[in-house]
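Below is one structure, written out as structure tokens; comments come after it.
Everything numeric in this text was worked out from a predicted model, so none of it was measured. Throughout, protein chains are lettered first and strands after them, A, B, ... in sequence-line order, and every chain is numbered starting at 1.
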Amino acid sequence: MKRDVGRSCRIGLFLTILLIGTLGATAQVPLAEFDQALDAIPMTSGDRILAAIEVGLSRPGFPADSLLALIHQIAPIPGAMEEKESILLMFARTLESGQSIDSLLPKGFELASALEEGLPIEGILLEALKGIAQGSPISMIAGGITQRLILLREVRDLLFSRGILRAAAGFPQTTPTALPEERFDQLVEQIADTVSDYLEGGGLPFKGEEIYTLVSDRLHRLPESVVQPEDVGLVLDRIGPPDLTQVALAALT
Amino acid sequence: MKPDDIEGILRDALRTEVAAAAHGLDGLEERIVSDLGDRLPRLRFVDWLSGLIAPTRVGRIGQLAVLGATAAIFLVVGVLINQGRFFSPALEPSLASRARHEILFVVPALDKESVAVVGDFNAWEATPLADDNNDGIWTVAIPLPPGRYEYAFVIDGQWWGQDPLADEYVRTFGQYSSVRYVGQGGDGV
């Protein structure tokens, strides 16, 4: 008799768990909510992103709430339309490739915060899209995003510390070293990208001279419409190999 | 001497005289016209202009109306051109892309089913290359504004990131990609 009661309890518990699980799955965020949230972001690949989310919703354990929260965080960020779309495309392509977005979601929030901060993240997003196209593991891509975000902040802070400033759009240029934001952002992005490529290619952070040469080569090879020669001269005068070693070390620690 | 003989002698003398003076007749017509032209009174610009004005008051008002309408039409056309109304939307991208460079991507790939290029310029999504004459040389030309572009070829689904025509190479996520500088600092071709 006791055994029967115990058995009944176990079956009841199993059914309860099954019921809760089923209810949880069906109580997932409906696609219409994603559709509505995406409508707030002007973009060309909205349909594709929504289709990828629909595929994701059909998978067990899909982090629908978190993804919707990310879309809500991205939508009101002023400007940066391409970057916002690229963040969402990163998730869409991951889903299309049949991979899970779990490890990528926290990076999505980090990228959104960086966007709010005014960091130039276009290069990071292109690197992530490249990784997905290569079929690289998502965890590796997520690690790359973290490293590149650190490098962006380090380079930006390095330039600030050397008196190279970012003049907001519409404000008068108070000093010759306060560069218009587009020019400042290009310097930051190109330097950070060079250091990142160097490290990912197996370079050692202690070889500051080598990193400095790579940065100098990159900046000198870029056309004037991307980086102006006077900005290249300014930045190369004010930073040196030890600074770039510090920047590289920060990314690795 | 008979009178008939005298007439013949005179005729011959005259013929000789005329023949001797014939070279003086060369360009005579042009000289006369030129001479006449120098003597004619010159028509000055003001006179020419006043000649255009209608002789009657009604005629002059009509002329002014036509002149005003023409000026108004030119003004409206100028404003529309300035606003870009006379350019169809289809033309706008080609105007905007003037600063772009036509970059040729070339891959030798014999007996392959598909070749595509992926890169920063297409957000790492495939742009197919073509081998129309089946000689194993696949090509595509992509217009790009000046800048630095990472890219790779995907040949029958396989990543191939070391294009001999590249300016440099980078290695990320364990695989190589090629780099081209378009514009100053690299021809990108």
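- Taking the charged nitrogens against the carboxylate oxygens, A:Glu117 and A:Arg156 do have a contact shorter than 4.0 Å, which makes a salt bridge.
- Checked for salt-bridge contact, A:Glu96 and A:Arg93 miss the test: no charged N lies under 4.0 Å from a carboxylate O.
- With chain A as partner, the option from B:Arg148, B:Arg171, B:Gln175 having the largest number of non-hydrogen pairs under 4.5 angstrom is B:Arg148.
- For chain B, the option among A:Leu89, A:Val226, A:Asp197 with the highest count of heavy-atom pairs below 4.5 Å is A:Asp197.
- Taking the six-membered ring where the residue is Trp, B:Phe153 and B:Phe105 present perpendicular rings, their angle passing 60° and hence far from 30°.
- The contact between A:Asp193 and chain B is made entirely by side chain atoms (from C-beta outward), counting heavy-atom distances below 4.5 Å.
- At a threshold of 4.0 Å, the pair B:Arg180-B:Glu168 does not count as salt-bridged, since none of the basic side-chain nitrogens sits closer than that to a carboxylate oxygen.
- The greatest number of non-hydrogen atom pairs below 4.5 Å with chain B, out of A:Val227, A:Leu125, A:Leu129, is found for A:Leu129.
- With a 4.5 Å cut-off on non-hydrogen atoms, A:Glu127 touches chain B through its backbone and its side chain both.
- For A:Leu199, no part sits under 4.5 Å from any heavy atom of chain B, backbone or side chain.
- A cation-pi contact, defined as under 6.0 Å to the ring centre and within 45° of the axis, is absent between A:Arg218 and B:Tyr181.
- A salt bridge between A:Asp231 and A:Arg183 is present, with a side-chain N of the basic residue lying under 4.0 Å from a carboxylate O of the acidic one.
- For B:Val170, the part sitting under 4.5 Å from any heavy atom of chain A is the side chain, from C-beta outward, and nothing else.
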